[in-house]
Amino acid sequence: MKKYDHQTGFIMLTVLVMAFLLSTLGMIAAQLLISNARFNQYEGRSAQALNIAEAGVNYYLWHLAHNTSDYKDGGNTPNTAPYGPYVHNYYDADGNLLGTYTLYITPPSNGSTIVTVKSIGEVPHFSGTRAVLAQVGQPSFANYALVTNTEVWFGSTETSNGPVLSNVGVHFDGTNNGPVYSASATYKPTAPFGGDGSVHNGVWGAGGPTSQWQYPIPTVDFSQITANLQNLQTIATSGGTNLATSSAKGYYLFLRSDGLIDYYKVTNETAAGLTKTLISSGNAAPANGVLFVNDNVWVEGTNFPGRINIVSARLPDQAATNTSINIVGNLTYKAKDGSDAIGLIAQSAVRVSDYAPATLEVDAALLAQKSHVWVASTAPVKTVINFYGAIASSDYWTWNWVNGSSVIVAGYTTTNTSFDSNLIYAPPPEYPTTGNYSILNWREQLYNP
């Protein structure tokens, strides 16, 4: 009779258990490898869908650079915003189809230059999608606290707040709270702007901080405003207000705090003020915000609520008939949070009248296409001007005049000029733009609300 070898039986049982465990672990490991491969494949396709969605935003940024007002991807449909869907195939460098992006475009609201682009990326063998929501904006002509087509000089007691750009050069002896730009690498300043007969850098002087000085950069084209004026007249005719020639000196506009406007005809102007006749009172502001005046303009008003762009021009453009805008009193908008804005665009000059108050406040985006934004040298010496907004002056800009002894002989002895940065991407309605669209912000849209 054989005896059972307990030791041998135990070993065999152990081997069987170990084999079973190793087999199970192997199956689990294989399953994990398969799952991991599938997960990596899923993650790769998901990442590719996001990359394709981003490519859609970049495509529309390129599209707007070539047609700044096309929000329908080169087509005519649909009729209501957001416009879309616009589906594009996306290929790699070798011409292989990687996926598609679908675009939805929301145009700017009135008084804004910001376009919203939604791009949805899809790839084959991936059940989901990735969506990117981006805001792209084109800076307005109010992109600078001061932009000028001539040289400029900030004295040792002057401070700039916000970006400053000269197409010629900047002599800066003061303090700059913001960047100072010149479109010239070097230039030779003239004597009225502190020139010493030598060639200097595009931005130079005893001021600073110099770390914020940059030159050269691209110029700002004031000549483009001529075409903008024609477009503004068309816009005012179709959905705003278009005032014909007054058959006198021009129009006086009073912007009321209730949002209405009073129109007067100006028959005479002296050093003491205006002679004017009421045409109509309590007129509604233009529906699209554009008030085009085919004549000279005199304007004032406080706490005006809303967004308005007042344009003064006679077309076709002839030097002998170019018009100007005159600020005769306080001109302010109600809220300084970007919701309200006043624009003054003059074919020639924007001038603070000689008879304006001794203490004056102006909130506006001022643009003089061919001449100055200024207080004329004939003005008496006054106390203080508080300016909040942006200045674009083809010729030189000043709020005061000094003699050879640096004594103020005309204009305001104290000048406080502050930049309204809201005007960069939320300017007055249909205000001219400059430069290209850029991405202001973007985020992934994880769900559709």
Side-chain angles (χ1 to χ4, degrees), residues 50-95 97-122 131-144 147 165 167 181 183 216-235 238 288 290 309 345 367 369 392 423-443:
L50 180 61
N51 291 336
I52 291 174
E54 291 177 345
V57 172
N58 290 328
Y59 157 75
Y60 217 81
L61 192 65
W62 171 88
H63 185 84
L64 289 171
H66 292 79
N67 191 335
T68 57
S69 59
D70 180 11
Y71 311 120
K72 296 185 178 182
D73 200 23
N76 297 311
T77 57
N79 295 323
T80 58
Y83 303 124
Y86 307 118
V87 182
H88 293 260
N89 290 331
Y90 183 76
Y91 300 89
D92 65 14
D94 297 321
L97 178 65
L98 299 182
T100 63
Y101 53 79
T102 303
L103 300 174
Y104 294 88
I105 314 299
T106 303
S109 58
N110 187 29
S112 173
T113 69
I114 297 176
V115 179
T116 301
V117 179
K118 180 179 179 180
S119 177
I120 302 172
E122 296 181 76
V132 169
L133 200 65
Q135 288 188 315
V136 300
Q138 184 181 29
S140 74
F141 228 87
N143 190 28
Y144 300 93
V147 57
L165 167 62
N167 282 342
Y181 302 113
I217 69 166
T219 61
V220 170
D221 185 10
F222 279 81
S223 65
Q224 76 178 58
I225 305 302
T226 300
N228 287 133
L229 291 176
Q230 295 169 344
N231 185 50
L232 286 166
Q233 186 181 51
T234 301
I235 292 170
S238 62
N288 63 13
V290 180
N309 190 9
I345 300 177
L367 196 163
Q369 183 203 356
L423 297 172
I424 298 175
Y425 296 107
E430 303 297 337
Y431 205 77
T433 55
T434 182
N436 295 320
Y437 278 92
S438 60
I439 297 176
L440 305 180
N441 61 72
W442 78 272
R443 63 179 175 85

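Because the structure is a prediction, the values reported are computed rather than measured.
Looking at residues two or more places apart in sequence or on another chain, you find a side chain to side chain donor-acceptor pair (under 3.5 Å) between N441 and Q135. Take D70 and apply the side chain to side chain donor-acceptor pair (under 3.5 Å) test, not counting sequence neighbours, and it matches H63. For the side chain to side chain donor-acceptor pair (under 3.5 Å) test, no residue two or more places apart in sequence or in another chain qualifies with N76. With sequence neighbours excluded, no residue forms a side chain to side chain donor-acceptor pair (under 3.5 Å) with E54. Shown here are the side chain to side chain contact (heavy atoms under 4.5 Å, CB included) partners of P428, two or more places apart in sequence or in another chain: N309, A341, A365, L423, Y431.
A pairwise comparison of heavy atoms in F141 and V147 identifies O-CG1, 4.2 Å as the closest pair. Nearest heavy-atom pair, P107 versus Y71, reported as atom, atom and distance to 0.1 Å: CB-CD1, 3.5 Å. Shortest non-hydrogen contact noted between P429 and N288 is CB-O, 3.4 Å. Of all heavy-atom pairs between L133 and K118, the closest is CD1-CB, 3.5 Å. Contact detail for T219 and A183: the closest heavy-atom pair is CG2-CB, 3.4 Å. Of all heavy-atom pairs between A53 and S119, the closest is O-OG, 2.7 Å.
The closest side-chain heavy-atom distance from I52 to E122 is not below 4.5 Å. Annotation: side chain of L367 is in contact with side chain of P432 (closest heavy-atom distance under 4.5 Å). Within the 4.5 Å cutoff, the side chain of P108 has no heavy atoms near those of the I114 side chain. Put simply, the side chain of Y104 does not reach to within 4.5 Å of the side chain of V117, judged on heavy atoms. Side-chain contact between L165 and N143: absent, with no pair of heavy atoms (C-beta onward) separated by less than 4.5 Å.
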* side-chain contact (heavy atoms from CB on, under 4.5 Å) assessment of Y144 paired with V220 -> CA-CA 11 Å; Y144 300 93; V220 170; 4.1 Å; yes
* Asked: Can you list the steps and then say if Y59 with L103 is a side-chain contact (heavy atoms from CB on, under 4.5 Å)?
  -> CA-CA 10 Å; Y59 157 75; L103 300 174; 3.7 Å; yes
* **Working for side-chain contact (heavy atoms from CB on, under 4.5 Å), residues V57 and I439** => CA-CA 9 Å; V57 172; I439 297 176; 4.0 Å; yes
* To do: Dump the intermediate steps for side-chain contact (heavy atoms from CB on, under 4.5 Å) on V136 and Y60, then the final yes or no.
  => CA-CA 9 Å; V136 300; Y60 217 81; over 6 Å; no
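Q224 contributes a side-chain N or O that, together with a main-chain N or O of T433, makes up a donor-acceptor pair within less than 3.5 Å. Checking side-chain atoms of S238 against main-chain N and O of I235 turns up a donor-acceptor pair under 3.5 Å.
Side-chain polar atoms of Q138 and T113 form no donor-acceptor pair below 3.5 angstrom.
Taking CG of N231 as the start and OG of S69 as the end, the distance is 8.5 Å to the nearest 0.5 Å. Going from atom CG of N228 over to atom CD of Q233 covers 13.0 Å, rounded to the nearest 0.5 Å. The line from CG of N167 to CG of D221 is 8.5 Å long, rounded to the nearest 0.5 Å.
Contacts classified as side chain to side chain donor-acceptor pair (under 3.5 Å) and involving residues 82-93 (residues at least two apart or in different chains) are given here: D73-H88, N89-Y91, D92-N96.
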